[in-house]
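Every chain is numbered from 1 and lettered A, B, ... according to where its sequence line falls, protein lines coming before strand lines.
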Amino acid sequence: MKKTSSLAMRNSDQRSSFDPSEPATGLNRGRTEGGMNRREFLKASAAAGGGLSLQFSFPLLAKPGAAQATEVTAWVVIHPDETVAIRIARSEMGQGTMTALAQLVAEELECDWGKVKAEFASPNEHVRRKRIWGSMSTGGSAGVRASQDYVRKGGAAARHMLVTAAAVEWGVPTYECKVEKGVITHPETRRSTTYGKVAAKAATYAPPKDITLKDPKDWKIAGKPVKRLDIPDKVLGKPVFGVDAKVPGMLHASIAQCPVFGGKVKSVDSAAAEKMRGVKKIVREENFVAVVADNWWRADQALKQVKIEWDAGANGNVSDESIDKLFREGLAATNLPDARKMGDTATALASAAKVIEAEYSSPYLNHATMEPQTCTAWFKPDGTLEVWTSTQNAEASMAAASEVAGIPQEKIEVHKPMLGGGFGRRGAPQDFVRQGVAIAKQMPGTPVKMMWNREEDMQHGFYRPASLVQMKAGLDKDGNVVALHTKIACPSILALVRPEGIQKGIDFSAVRSFNDMTYTIPNQQVDYAMKNPHVPVGFWRAPGLQNAHYRECFIDELAHAAGKEPLAFRLTMMKPDDKNRRVLEAAAKAANWGSPLPAGVFRGIAQADGFGSFSAMVAEVSVSAAGELKIHRIVFAIDSGHVVNPDTCAAQAESNVVYGLGALLYQAHKVKDGRIQESNFHDFPLPKLTDMPKVETVLVPSGGFWGGHGEPGILALTPAICNAIFAATGKRIRTLPLKVEDLKKA
Amino acid sequence: MITLQVNGKTLDLNVEPDMPLLWALRDEAGMLGTKYGCGIAQCGACTVHVEGEPVRSCVMPVSAVVGKKITTIEGISAKGMNAVQKAWVEHEVPQCGYCQTGMIMAATALLAKKPKPTDKDIDEAMTNLCRCGTYARVRKAIHAAAGQLNKAAPAVKKA
């Protein structure tokens with residue numbers, strides 16, 4: 001095995017993404033301790049023999065062992081062979097952000113897309129270079145929309161510097177030079193050079209201050225359905241995920257936490273487990289026990305033989321019933337904080353011609369990423385720490401690792417491989433990093449890869465909050481909605497992960513879709529009862545989506561009560577310039593709303609905005625006499641302002657449909673004796689291939705803003721389907737998931 | 001010592017007979033393309049071929065596959081990508097990609113048996129779970145790999 005001198009393990013070729021026995025290609029971190037400027041950094045890079053850009057590279061595109069590479073701007077590294085490495089700060093979990101961000105940089109850079117490879121920016125370098133890559137957090141469908149401006153500027157600045165280098169060399173004005181696909185020319189003198197040849201000189205210039213970005217109508221790479229950069233490795237089975245970390249001498253760990261959230265370890269009898277083959281250590285921490293062995297299966301088998309007595313604490317009796325009681329107590333209170341107050345709802349309701357009331361609820365849901373939570377940690381003899389983890393927020397991972405390890409972040413590297421799904425689970429909590437680091441801390445010098453078994457993953461999530469919502473609306477004699485009073489009982493995610501984000505008793509993620517709804521109902525009141533059972537909650541794909549479901553189902557109830565057609569009913573409550581109106585009309589048009597359907601097939605419609613985008617859906621369903629639901633077609637329209645990769649957007653729409661179908665058709669966690677009852681995919685089923693409906697995505701980008709795609713597609717799904725079910729059966733689904741009994745013809 | 005025939009090579013592994021094949025592959029042979037998802041044969045992320053049949057390796061003890069021909073994602077194609085993998089790239093099937101090696105193993109086994117599968121064949125063979133929701137593209141890519149994809153409408157319209 002060859003020695004590696006770098007703090008950061010860099011995968012370097014296509015045989016192994018993590019195996020440090022391959023030639024070290026990383027930057028020598030020892031040379032770059034402390035705040036250094038870009039120039040010094042470049043020198044350090046050169047001193048380390050280049051290869052700077054080979055961090056977690058994409059082997060099919062990368063040229064391993066390339067000579068000196070040059071960082072032109074923080075986002076752009078040019079290799080002498082003309083390969084362009086584009087740095088990506090956000091995590092890739094299948095949503096396509098890595099490719100979309102690379103497209104935006106490449107567009108402004110004017111490089112050859114065929115020579116682009118993407119690489120993740122190093123979190124360690126990020127800390128030492130004072131957050132030069134902006135936010136590394138990946139959530140809220142914000143990867144593109146929150147960083148598009150500065151990454152495009154990073155690409156444009158690099159182009160300017162590269163062209164300037166050529167112009168200076170030729171002694172001609174910069175504005176006379178042209179650039180296309182990384183080739184710079186001066187037409188008048190018929191001279192030509194390439195990015196690879198002038199990169200070193202370009203890197204000595206300061207980036208320009210005033211940068212004009214391209215008009216999106218001139219895009220050639222962005223806005224096009226280019227192939228995702230991460231897919232070839234994934235279909236070849238390359239070891240690109242967190243669970244694929246591989247370090248010489250590495251051991252494996254499986255862990256058990258108290259089944260009652262917040263409980264602690266009371267006693268441990270590990271005598272039998274210690275004698276089992278391959279077992280190296282039993283780790284006991286305050287709130288978990290881990291077995292470390294030379295093979296993960298051996299660790300997991302031994303863990304099952306450890307006799308652990310738990311101190312459940314105060315929550316051993318919590319159940320669905322006690323949680324429902326807590327929510328109802330919350331809704332019964334009279335002094336709830338207002339999440340929205342417009343007009344005089346009480347008076348309007350009192351004088352309404354007709355009052356409609358309904359109560360909706362939905363259960364806790366696990367993210368159920370296919371890759372279980374995992375973290376590999378290695379306390380190295382030189383006092384540094386290396387961590388490999390599937391994380392949606394590498395900065396939070398760094399902070400968590402530093403805190404548990406007692407090592408400053410400057411001496412920690414967090415490697416951020418591909419995530420086997422995220423959906424919000426791997427962002428804020430970082431519980432898995434704390435555990436992985438705590439385990440390895442007890443075995444200094446030995447790398448330990450911790451992976452949860454599926455049961456642990458199912459029962460120790462940060463769940464989508466269960467919630468209970470009561471709505472009361474008043475209609476005037478013409479069927480117009482004059483008032484809507486909504487009362488929401490829902491646990492607060494912010495109370496757990498970011499309490500400072502709660503303002504005047506309101507957690508935005510619990511009241512969303514009601515406190516910001518687009519319908520022009522003159523009198524609106526939204527009350528929020530924050531009730532926080534001990535079940536941990538987190539940002540599950542499209543946090544607050546339950547409210548979009550409740551609202552759009554209830555609006556359908558109101559349309560029915562008013563004797564009005566549901567699309568027209570919604571449109572009458574939308575301002576003429578409302579972007580929601582435009583997508584609703586686009587979805588209706590694409591679905592031929594109002595046209596005759598085959599016998600037994602019915603439509604439902606819903607709309608919702610969120611995560612920067614505007615979306616609407618039409619569902620076509622049929623329900624058999626036995627109560628079997630068939631979803632024939634989903635038509636989805638979305639306005640995200642700009643579209644960076646239309647195929648990835650369509651993939652995200654399909655993804656949202658399937659994710660939402662799980663919540664609609666199958667999934668619910670029961671809480672009993674303070675613990676989650678479900679343990680694996682047999683009792684928390686995921687939709688299968690046979691559940692997949694036809695999904696038609698209609699992109700209606702209106703320009704002028706940047707909206708997300710990772711989450712909006714789930715918002716209108718369940719209400720559109722439930723509204724179609726009502727059209728088919730006359731039955732309202734007010735509690736999810738739906739049950740066959742609910743749909744049977746009476 | 002257990003001797004396995006994996007991807008045309010002989011592997012001598014010092015493992016207990018009841019160790020699931022998945023863990024002999026991942027943690028002993030260092031072949032990481034086959035994934036753990038559930039450990040109870042529900043999700044199919046661990047699918048490999050044993051004598052050409054798709055098998056969920058998380059519940060398959062190594063003792064049961066001694067002397068049998070085992071193929072993993074690493075050995076599915078002698079060179080480059082096989083037709084299924086190429087179709088997977090062409091139709092941009094994977095999202096996170098974690099379940100996709102198992103999907104590709106299941107699809108490759110299906111096509112070996114039924115070179116022109118019907119939708120019903122695909123429904124029956126492709127029981128693997130995918131949390132990202134790639135199913136429509138899985139179906140399409142299987143048809144494409146079988147050479148039976150008509151010039152279908154694009155997955156996305158721009159109004």
Side-chain angles (χ1 to χ4, degrees), chain A residues 93-96 227-228 230-232 234-241 243-244 246 252 277 295-297 368-372 418-423 451 453-454 586 590 637 646-647 649-651 654-659 680-682 686-692 694-700, chain B residues 15-16 19-20 22-24 26-28 30-40 42-43 45 72-74 76-77 81 84-86 88-90 92-101 104 122-123 126-139 153-159:
Chain A
M93 46 192 164
Q95 82 281 35
K227 296 279 184 231
R228 269 182 33 215
D230 52 330
I231 285 183
K234 289 177 176 177
V235 306
L236 286 165
K238 299 286 184 200
V240 297
F241 298 99
V243 294
D244 299 335
K246 193 169 132 192
H252 304 262
R277 181 171 169 185
N295 174 302
W296 185 83
W297 178 75
T369 57
M370 289 304 295
E371 178 191 40
M418 295 290 166
L419 283 58
F423 314 112
M451 184 187 80
N453 61 38
R454 177 57 60 189
D647 188 61
C649 294
E654 293 155 28
S655 179
N656 274 293
V657 166
V658 178
Y659 212 78
N680 206 316
F681 295 132
H682 65 288
L686 307 187
K688 297 182 192 62
L689 180 131
T690 45
D691 293 315
M692 180 84 207
K694 184 179 174 193
V695 179
E696 295 171 37
T697 302
V698 186
L699 303 176
V700 286
Chain B
V15 298
E16 40 279 64
M19 179 180 286
L22 171 65
W23 295 107
R26 282 187 65 82
D27 288 356
E28 304 295 325
M31 299 166 73
L32 296 165
T34 308
K35 300 299 190 229
Y36 167 87
C38 66
I40 57 168
Q42 285 277 312
C43 76
T72 70
I73 188 72
E74 290 89 353
I76 197 72
S77 174
M81 294 184 185
V84 171
Q85 289 167 309
K86 283 176 188 161
W88 246 243
V89 171
E90 180 57 29
E92 303 256 288
V93 177
Q95 288 185 28
C96 89
Y98 192 79
C99 72
Q100 294 294 329
T101 51
I104 289 166
I122 294 172
D123 286 350
M126 300 303 294
T127 56
N128 304 46
L129 297 179
C130 168
R131 187 60 161 150
C132 297
T134 59
Y135 298 124
R137 291 173 188 236
V138 164
R139 185 187 299 281
V156 58
K157 289 181 202 165
K158 210 161 171 178

Would you check if there is a donor-acceptor pair between the side chains of B:Glu28 and A:Asn295 at a distance under 3.5 Å? yes

Would you call B:Arg137-A:Asp647 a salt bridge at under 4.0 Å N-O? yes

Side chain / backbone / both / neither for B:Gln95 at chain A, heavy atoms under 4.5 Å: both

Is it true that the NZ or CZ of B:Arg26 lies under 6.0 Å from the centre of B:Tyr36's six-membered ring and within 45 degrees of the ring axis? no

Chain A contact via B:Val89 - side chain, backbone, both or neither, heavy atoms under 4.5 Å: both

Distance only, no hydrogens: is a donor on one side chain within 3.5 Å (strictly under) of an acceptor on the other, for B:Thr134 and A:Glu654? no

Under 3.5 Å, is there a donor-acceptor pair between the A:Glu371 and A:Thr369 side chains? no

Could you check which of B:Gln100, B:Glu74, B:Lys35 has the highest count of heavy-atom pairs closer than 4.5 Å to chain A? B:Lys35

Need one label for B:Ile122: side chain, backbone, both or neither, based on atoms under 4.5 Å from any heavy atom in chain A. both

Any idea which of B:Gly33, B:Cys130, B:Cys132 has the most non-hydrogen atom pairs under 4.5 angstrom with chain A? B:Cys132

Using non-hydrogen atoms only, which part of B:Val84 is less than 4.5 Å away from chain A: side chain, backbone, both, or neither? neither

Top contributor to chain A contacts, counting heavy-atom pairs under 4.5 Å, from B:Ile76, B:Thr101, B:Ile40: B:Ile40

If I measure from the heavy atoms of chain A, does B:Ile104 come under 4.5 Å with its side chain, its backbone, both, or neither? side chain

